[in-house]
Amino acid sequence: MGKKADLADADPGKLAREFVNPTPKGEFKSFAEEMDSAYHPHKVEAGWNDWWEASGYYEASSDPSDTRPKFSICLPPPNVTGSLHLGHALTAAVQDMLIRWHRMRGYNCMWIPGVDHAGIATQTVVEKKIKKEEGKTRHDYGREPFVDKVMEWKEQYGNRITMQLRRLGCSLDWSREVFTMDAPRAASVQEAFVRFHEMGLLYRGVRLTNWCSQLKSAISDIEVDYQDIEKRTRISVPGYERTIPFGVIWSFAYEFADGSGEIVVATTRPETMLGDTAVAVHPDDPRYAHCHGKMLKHPFVDRLIPVICDAELVQMEFGTGAVKVTPAHDPNDFKCGKRHDLAMITILDDDGNMNAEAGPFAGRKRFDARFDVLAELKNKGLSRGEAENPMRLGLCSRTGDVIEPLLKPQWWVNCAPMAKRATEAVRTGQLKIMPDFHEATWFRWLDNIQDWCVSRQLWWGHRIPAWYPRRKTADGASWEDLGEPIVARNVEEARAKALEDEALAPGLASGAVELFQDEDVLDTWFSSGLFPFSPLGWPDLSAPDMKAGWHPTTLLETGHDILFFWVARMMMMGIELTGQAPFSTVYMHGLVRDAEGQKMSKTKGNVVDPLEAIDQYGTDALRYSLVTGSTPGQDIPLSNERLLANRNLCNKLWNTCRYVVTGSLSTLSDAE
């Protein structure tokens, strides 16, 4: 006993990790042995979940003769790359409590599990793996072999999170487990894409995107993290050995082409001046009344740029009152460029390097070009100083790279009509968000929603179901597009649509024209937004679960941090595609923090690993600690001390049961 105690003190989870359950998997646990004198959660909890699952206790019924009331929830699908963290554990514990309670009340309960393919995260993991192990890139493999490689990785490692959910004791209906890239879900995604296009909500257009040079892909607005910078700060940027200054505004002069003077402008991104196509002033600013329409000489490229008047872009009281305009690299400048029909000059390539439009700086990395441009402005006598300037810096949530606004042809969803219906659902009581103070976030985001960029320049994901009719150029060296892409559920449908076009039909028949599928994939959140109904068989309304009335689900319980990432998109897509809200109630829980209310982080050393907590204290102690500390919408404090206290509570319950079973009950006769 002493040696075991010493071992437990040195490594409290070791006994649990090394325990071998004597009960064969899926069989009923034997009660032949006497109850231990002390509570050992790894022994007590082992085997029960396997037996419950094998016995079918978790499975919902879609039998038409089953008249029990229905109760259903979908579990937010964790990433296939993921490992169980406290956010998963809290969501699962609360949902499991609701599901088990309704089962006990006689409900027909469906708790839907699934795993998300996590486009960016999974592709990144596999790319790093093949680079490290084989010295190859995905381009060395080619698209189809690389996708096969990712699927191979998914089959080997992707079930880790579902096994961990089983360790947590989740009573999910595993017979209905789905993967967001399996064949039925792919059919759902294709159908949704085509329907949105037919409704006029989905289109392809050249607009400013949030470009991540590390991913070489566009990302959506909500995948951008913002860092507030109060003063001059040097920041490490992926791909650069030296740190890059932010929180600084640099001033420089543009000289008039006729030699009559200069205008001073200021910018926090001096490298973008290489794409300037105008300088804007306020039409009512008397300082620049003599400049309207005059031309300025660009100091580095052979370009004359006009002085334009724009009351929307320019604030007279800010800075010099003159604003450089770079339409291809700034959202506000882009709108100004549209108003004044300015040239849209892109100066960056997909890797974040300066292209040929950058003149003498072509080929330089963007932030190296920043230093170069500033140095050359000084050499030319055009620098007019610098000052600290508070700013918000947009960073890719996946890579930490600084986001560049970049003009790119992408696929977009017009969310405004759907968002209006989603907000009306809350305002009319069709959807309840609890606690209701989260409604403010719901309205703020949806009332001001922008079009959603849904295309990603990746290989892992749902490939966009659109085909481009192309023919060989005269020299036979390349292909040229022949009109707009054809959106269809498959290539056969695309070909049938193309044959209806008199301009394309002869070429298709002769083989001179071919159809090429779009290279991009869809944003992961597109497929996740279908999750309340795609696992039920949608768009096949005759599928057993759809026919049995499992759609819409009863409620959703999740963290408030994904209210607009996931919940709002499910609501918008569900109402638009099915005519119904996908659930009637959303319960929001808070974030798990340490005992002092601080956010958990590895650098602070206050992270509680749920798997280690299960090994040390048991699943019941972890779940009880999470749900008893949870007040709707409020953050949850958690510490090892709290876990230990609840493990001790389990010990007291164990000893009470042991006393009853081995004490008073043991003295009773069979008749008694």
Side-chain angles (χ1 to χ4, degrees), residues 4-17 19 36-46 48-49 75-76 78 82-101 161 164-171 434-435 557-562 587-658:
K4 281 189 175 181
D6 292 342
L7 179 62
D9 290 340
D11 183 358
K14 187 175 177 63
L15 291 176
R17 291 195 302 274
F19 174 72
D36 288 344
S37 59
Y39 173 66
H40 300 294
H42 57 277
K43 292 178 67 176
V44 174
E45 295 168 356
W48 285 115
N49 201 52
L75 182 74
S83 182
L84 190 72
H85 58 64
L86 282 175
H88 295 133
L90 175 59
T91 299
V94 176
Q95 289 196 0
D96 197 26
M97 180 174 61
L98 290 165
I99 284 286
R100 289 179 185 271
W101 179 51
I161 189 73
Q164 291 169 347
L165 286 168
R166 285 177 166 91
R167 274 200 75 190
L168 196 61
C170 296
S171 60
M434 303 176 68
E557 199 289 332
T558 189
H560 65 69
D561 54 325
I562 58 172
Y587 288 102
M588 311 298 296
H589 63 245
L591 304 179
V592 184
R593 298 184 180 272
D594 70 8
E596 282 71 46
Q598 295 185 71
K599 187 175 181 180
M600 292 187 178
S601 70
K602 292 180 181 178
T603 55
K604 292 178 181 177
N606 61 352
V607 172
V608 175
D609 184 318
L611 298 175
E612 291 180 5
I614 289 173
D615 286 341
Q616 294 180 34
Y617 309 108
T619 297
D620 287 334
L622 173 63
R623 287 169 54 127
Y624 187 72
S625 298
L626 289 169
V627 298
T628 56
S630 177
T631 301
Q634 302 299 315
D635 290 345
I636 299 105
L638 187 69
S639 63
N640 285 316
E641 290 75 18
R642 184 181 180 88
L643 289 164
L644 179 59
N646 287 322
R647 191 261 186 213
N648 291 340
L649 173 63
C650 292
N651 186 61
K652 289 178 181 179
L653 292 172
W654 174 264
N655 286 332
T656 302
C657 293
R658 182 172 174 270

side-chain contact (heavy atoms from CB on, under 4.5 Å) against [X], all qualifying residues, sequence neighbours excluded:
| X | result |
| --- | --- |
| Trp101 | Arg105 |
| Asn648 | Leu644 |
| Arg642 | Ser625, Thr628, Leu638, Ser639, Asn646 |
| His42 | Leu15, Ala16, Phe19, His40 |

Between side-chain atoms of residues 90-98 and protein atoms elsewhere (two or more places apart, or another chain), which donor-acceptor pairs fall under 3.5 Å?
from	atom 1	to	atom 2	distance (Å)
Thr91	OG1	Gly87	O	3.1
Thr91	OG1	His589	NE2	3.4
Gln95	OE1	Trp111	NE1	2.6
Gln95	NE2	Glu557	O	2.7
Asp96	OD1	Arg100	NE	3.3
Asp96	OD1	Ser171	N	3.2
Asp96	OD1	Ser171	OG	2.5
Asp96	OD2	Arg100	NE	3.0
Asp96	OD2	Arg623	NH1	2.8
Asp96	OD2	Arg623	NH2	2.7

Return the set of residues passing salt bridge (Lys or Arg N to Asp or Glu O under 4.0 Å) with [X] (not counting sequence neighbours), or none when no residue passes.
| X | value |
| --- | --- |
| Arg658 | none |
| Arg593 | Asp635 |
| Asp36 | Lys43 |

- Message: Using every non-hydrogen atom in the two residues, find where Leu84 and His88 come nearest and quote the distance to one decimal.
- Response: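 Nearest pair, atom of Leu84 first, then His88: CD1-CB, 3.5 Å.
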
- Task: Could you pull out the closest heavy-atom pair between Ser37 and Asn655, with the gap in Å?
- Result: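 What the structure gives for the nearest pair is O-OD1, 3.5 Å.
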
- Item | Whether over 12 other heavy atoms sit under 6.0 Å from Tyr39 OH |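 Enclosed.
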
Using distance only, find each side-chain donor-acceptor pair of residues 612-620 under 3.5 Å and give its atom names and separation, not counting sequence neighbours.
from	atom 1	to	atom 2	distance (Å)
Asp615	OD1	Arg167	NH2	2.7
Thr619	OG1	Glu45	OE1	3.3
Thr619	OG1	Arg167	O	3.0

- Determine whether Pro610 and Leu626 make a side-chain contact, defined as any pair of heavy atoms from C-beta on separated by less than 4.5 Å.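 The answer is no, as the side chains (C-beta and beyond) never meet within the 4.5 Å cut-off.
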
- Message: To the closest 0.5 Å, what do you measure between CD1 (Ile161) and CG (Leu165)?
- Response: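 Rounded to the nearest 0.5 Å, the CD1-CG separation comes to 5.0 Å.
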
- Given Arg647 and Leu622, is the side chain to side chain contact (heavy atoms under 4.5 Å, CB included) satisfied, shown in steps? CA-CA 8 Å; Arg647 191 261 186 213; Leu622 173 63; over 6 Å; no

- Verdict with supporting geometry, Ser83 and Leu611, side chain to side chain contact (heavy atoms under 4.5 Å, CB included): CA-CA 9 Å; Ser83 182; Leu611 298 175; 4.1 Å; yes

